[in-house]
Structure formats: structure tokens, C-alpha cells
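Contents: one structure, followed by commentary.
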Amino acid sequence: NRNVLLMGGKYVKIEGNFFNDIPNPINDDTYGIKAVSTQGFVINGNSFTGSNGNSTSFFSYGIVAENTGQKGGVIYNNNFLTSLDYGIQTQDDNQNLKIRCNKFAVTGNHR
């Protein structure tokens, strides 16, 4: 249900990947990339698609950034295509996180 989980890393690059058919959540949230307490990362040029379906309790995310701290990170030039509940979710301390030039689908189950 989850593709890439970064925990406490530094200076990681995730570039040019396809995260296809991120599952429709059944009993927990799903995501393509989740960065937790990871700093100085670059997430660039990736594409994300979800599976069809819709849950009322759990959600599908392209990218989740949580507590990126003092060095933050950069999320740019990614494509969030169809059937995701959310393209990008941020939570906790992301004061130096930069999000720019991403493309979001106009169709699908986006909230």
C-alpha cells in the first residue's frame, strides 16, 4: 500500500519515477512517497496515479512530507494524474519545505 518511505534521511533524491495505481485505501492511508523527519531531499519529475475507488475513512496521497525540519526539502515538477485523494500532503514542521511547479489533474477523485 506504500511505495517509498524515507525516515530520518538526508539529501535523498527521488527523480523520474512512475508511481502507478497507488491502491485505494481500505484500512489505512496509502501513498507513493512519504518523507518523515527527512531533510534536504529532492523529489522531482515523478508521476503518480491512484486506483479507482473512494474511501470515506482513509485517503490516497502522491507525496506526504512530515516534519522536514530546518533543512526542509524540494518537491517540484511532479505530475499528479488521476484518482488520488490528495496530490501533496504536509504535516508538522515544514517551515523550509519548497513546493513548486507541480502539475495536478483536473479529473479524478481529488479533494
task = Treat each ILVMFWY residue as a node, draw an edge where side-chain heavy atoms are under 4.5 Å apart, and state whether Tyr76 and Val4 are in one component.
result = no

request  = Report whether Val64 and Met7 are members of the same hydrophobic cluster (ILVMFWY, side-chain heavy atoms less than 4.5 Å apart, transitive linking).
outcome  = yes

Side-chain donor or acceptor of Asn79 paired with backbone N/O of Lys103 under 3.5 Å = no

Can you give me every donor-acceptor pair (side chain of residues 12-22, partner residue at least two apart or in another chain, under 3.5 Å) with its distance?
residue: Glu15; atom: OE2; partner: Asn44; partner atom: ND2; Å: 3.4
residue: Asn17; atom: ND2; partner: Glu15; partner atom: O; Å: 3.2
residue: Asn17; atom: ND2; partner: Asn46; partner atom: OD1; Å: 3.2

key: Taking every non-hydrogen atom, the tightest pair across Asp29 and Phe58   = OD1-CA, 3.3 Å

inquiry  = Determine whether a donor-acceptor pair (N or O, by modelled atom type, separation under 3.5 Å) exists between the side chain of Ser60 and the backbone of Leu84.
reply    = no

query = Could you state the interatomic distance from CG (Asn94) to CD1 (Ile75), rounded to the nearest 0.5 Å?
reply = 8.0 Å

Please tabulate, for the side chains in residues 33-42, all donor-acceptor contacts under 3.5 angstrom to protein atoms that are two or more places apart in sequence or on a different chain.
residue: Ser37; atom: OG; partner: Asn67; partner atom: ND2; Å: 3.4
residue: Thr38; atom: OG1; partner: Leu6; partner atom: O; Å: 3.3
residue: Thr38; atom: OG1; partner: Gly8; partner atom: N; Å: 3.4
residue: Thr38; atom: OG1; partner: Gly9; partner atom: N; Å: 3.4
residue: Thr38; atom: OG1; partner: Val36; partner atom: O; Å: 3.1
residue: Gln39; atom: OE1; partner: Lys71; partner atom: N; Å: 3.2

key: From Phe59 atom CZ to Gln89 atom CD, the distance as rounded to the nearest 0.5 Å   = 9.5 Å

key: Lys10: side chain to side chain contact (heavy atoms under 4.5 Å, CB included) partners, not counting sequence neighbours   = none

query = Between CZ of Phe48 and CG of Asn3, what distance do you get to the nearest 0.5 Å?
reply = 8.5 Å

inquiry  = Can you confirm whether Gln91 is buried at CD, in the sense that more than 12 heavy atoms of other residues, nucleotides or ligands lie under 6.0 Å from that atom?
reply    = yes

key: Residue pair Ile63, Phe80: steps toward the side-chain contact (heavy atoms from CB on, under 4.5 Å) verdict   = CA-CA 9 Å; Ile63 299 172; Phe80 300 93; 3.7 Å; yes

key: side-chain hydrogen bond (donor to acceptor under 3.5 Å, both in side chains) against Asp93, all qualifying residues, sequence neighbours excluded   = Gln95

inquiry  = Please report the interatomic distance CG(Asp92) to CG(Leu97), rounded to the nearest 0.5 Å.
reply    = 12.5 Å

